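In this text the structure is predicted, and so the values were computed from the model without any measurement.
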Amino acid sequence: MDLIIRNVRLAARPAPLDIGVAAGRITALHPHIPSTAPVEFDGGGSLAFPGFVESHIHLDKAATLHRCGTDGTTLATAIRKITELKASFTVQDVHDRAARVLRDAVTHGTTVMQSFVEVDHAAGLRSLEALLALAAEARHAIDLRLCAFAQDGLTQHPDGEALLDEALRLGAHSVGGCPYTDPDPEEQIRRILALAARHDCNADFHIDFDLDPTASALPALIRHVIETGYQGRVAIGHATKLSVLPEDGQTAILEGLLAADIVLTALPATDLFLMRGSMAPLMRYARMGGRCALATNNIVNPFTPFGDANLLRMGNLFANITGASSDADLSLIWDMLTTSPASSLGVPATIAEGAPADIVLIDAPDTATAVRELRPVLGGWKAGVWTFVRHRPEMKAPF
């Protein structure tokens, strides 16, 4: 073995055990592995898991608040400010801002991330170039996947579809749409799904990001997903409109999302900030059997002037706002930060023999405590490579 991580717990196996690693994979899980290895690490009874999965973030426009100012907190204002700014984005600029956020995410325990990257008339392919390079540089520490994204609409831009197609050809993993910025929302949905099918990739939509109970784009999306046989390969983000629908209307759409196996993602920091406390009904959808994710969305820009890339903070914030407090509810929220978004991205998320040795330790006895108390992560490995460590605090004047 190359590495033994001793004295840790798993969510499904609370008794302490050791994890043996060789050639980047987990080769043994045992209460005590007698074998010696060149490197051993004492987990001190902490919880081991495969890492957080950030399925919805915008690295290309992170850390731009100082250029845009803090006046105006509406979605339309934020979109306008970033649209004006991104024409000046350079490859180096996007790379450096994104790298700062990516390093923070890794040291907060994230091992997989999907970032949207705007590919359009203003940004061209510059941001994509920057993030593809960053993904290659950071692959030893995090799996960074890119979603080519039409933030400013699609049908009104003659070259929009060709740019998205080129981005997918160059290495983007998925394609994303934003129907509420398009003069023909349903036609954008149709085109994005057609692009996804052409490249055999997933699709991810920012959708229904408002508090107007009329004119939802979700029924059209559900219909097109089912008609094209794309069930299980589509995710949506925001969908705050769901929170203001009458119960029967909300039920009908949630049942449609479930039939189409569409992943519902809430972005607590952004949704609460821009929509004054409203979020999609994740807990209800999860209890219906739907796949749900919690994610960060934006960091220190006009959409969200806060953030530190700590995904667990999103789970704790969501629990506070929704009143989730039981161990069962908090464990469900933990799944929204780990296994559910992993399934959405099609990546493994398990601590098991034969699985990739993606292992993060968090200073908690179980998942509910981790969410409830915002327990700190202590260290992490990606494919058996030690990527970071955070030491437990030590009291110099005990009491």
Side-chain angles (χ1 to χ4, degrees), residues 8-14 17 19 25-26 29 46-57 105-106 108-114 142-145 173-174 202 204 231-237 257-258 261-268 280-296 310-319 322 324 326-362 364-372 374-375 377 380-383:
V8 296
R9 304 173 190 273
L10 304 182
R13 296 171 63 175
L17 51 72
I19 303 175
R25 293 196 168 267
I26 297 170
L29 294 170
S46 57
L47 180 70
F49 69 107
F52 295 116
V53 179
E54 173 67 77
S55 61
H56 184 133
I57 196 169
V106 169
H108 283 304
T110 296
T111 53
V112 179
M113 175 184 286
Q114 174 180 260
I142 188 167
D143 177 7
L144 175 59
R145 294 165 172 246
H173 297 83
S174 57
N202 288 359
D204 202 322
Q231 296 96 319
R233 303 200 65 180
V234 176
I236 58 172
L257 294 174
L258 192 61
D261 191 12
I262 292 174
V263 179
L264 178 59
T265 307
L267 302 312
L282 260 64
M283 295 300 283
R284 185 182 183 199
Y285 187 52
R287 292 185 180 118
M288 292 171 65
R291 291 186 292 159
C292 298
L294 289 165
T296 301
N310 184 348
L311 196 52
L312 185 61
R313 192 184 306 280
M314 294 300 104
N316 181 271
L317 176 60
F318 180 79
T322 59
S326 70
D327 283 2
D329 281 350
L330 295 177
S331 294
L332 188 58
I333 290 172
W334 177 270
D335 289 344
M336 296 179 190
L337 304 170
T338 54
T339 54
S340 190
S343 74
S344 171
L345 299 180
V347 297
T350 183
I351 301 288
E353 291 185 13
D358 295 352
I359 303 164
V360 172
L361 305 183
I362 189 166
D366 53 64
T367 60
T369 300
V371 176
R372 177 178 285 114
L374 258 179
R375 301 303 301 164
V377 297
W381 293 259
K382 184 72 174 172

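- Every residue two or more places apart in sequence or in another chain that forms a side chain to side chain donor-acceptor pair (under 3.5 Å) with R287 is listed here: D329.
- Here D143 pairs with R145 under the salt bridge (Lys or Arg N to Asp or Glu O under 4.0 Å) rule; sequence neighbours left out.
- Taking S344 as the reference, nothing meets the side chain to side chain donor-acceptor pair (under 3.5 Å) condition, with sequence neighbours excluded.
- Of the listed residues (T338, L144, V53, I142), just one forms a side-chain contact (heavy atoms from CB on, under 4.5 Å) with V112, and that residue is V53.
- Every residue two or more places apart in sequence or in another chain was checked for a salt bridge (Lys or Arg N to Asp or Glu O under 4.0 Å) with R25, and none qualifies.
- Scanning for side chain to side chain donor-acceptor pair (under 3.5 Å) contacts around S343 gives R291, with sequence neighbours left out.
- Taking the side-chain contact (heavy atoms from CB on, under 4.5 Å) definition, one finds that A11 meets it with T367, sequence neighbours left out.
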Can you list the steps and then say if L29 with R13 is a side-chain contact (heavy atoms from CB on, under 4.5 Å)?
CA-CA 10 Å; L29 294 170; R13 296 171 63 175; 4.0 Å; yes

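- Here the side chains of V8 and L17 are in contact, with some heavy-atom distance below 4.5 Å.
- Proximity of L47 to R375: side-chain heavy atoms (C-beta onward) are nowhere separated by under 4.5 Å.
- For residues 349-361, every residue pair satisfying the salt bridge (Lys or Arg N to Asp or Glu O under 4.0 Å) rule, not counting sequence neighbours, is listed here: D358-K382.
- For the atom pair SG (C292) and CG (L337), the distance works out to 11.5 Å, reported to the nearest 0.5 Å.
- The side-chain contact (heavy atoms from CB on, under 4.5 Å) check on S174 picks up Q114, C147, N202, with sequence neighbours excluded.
- Checked against salt bridge (Lys or Arg N to Asp or Glu O under 4.0 Å), R313 has the following partners two or more places apart in sequence or in another chain: D308.
- By the salt bridge (Lys or Arg N to Asp or Glu O under 4.0 Å) test, R372 pairs with D327, sequence neighbours left out.
- For A357, the side-chain contact (heavy atoms from CB on, under 4.5 Å) partners two or more places apart in sequence, or in a different chain, are V21, I26, I359.
- In this view, N316 and N320 satisfy the side chain to side chain donor-acceptor pair (under 3.5 Å) rule, not counting sequence neighbours.
- No option in I362, L294, L317, T110 other than I362 meets the side-chain contact (heavy atoms from CB on, under 4.5 Å) test with L312.
- The nearest pair of heavy atoms linking V377 to G109 is CG2-N, 4.1 Å.
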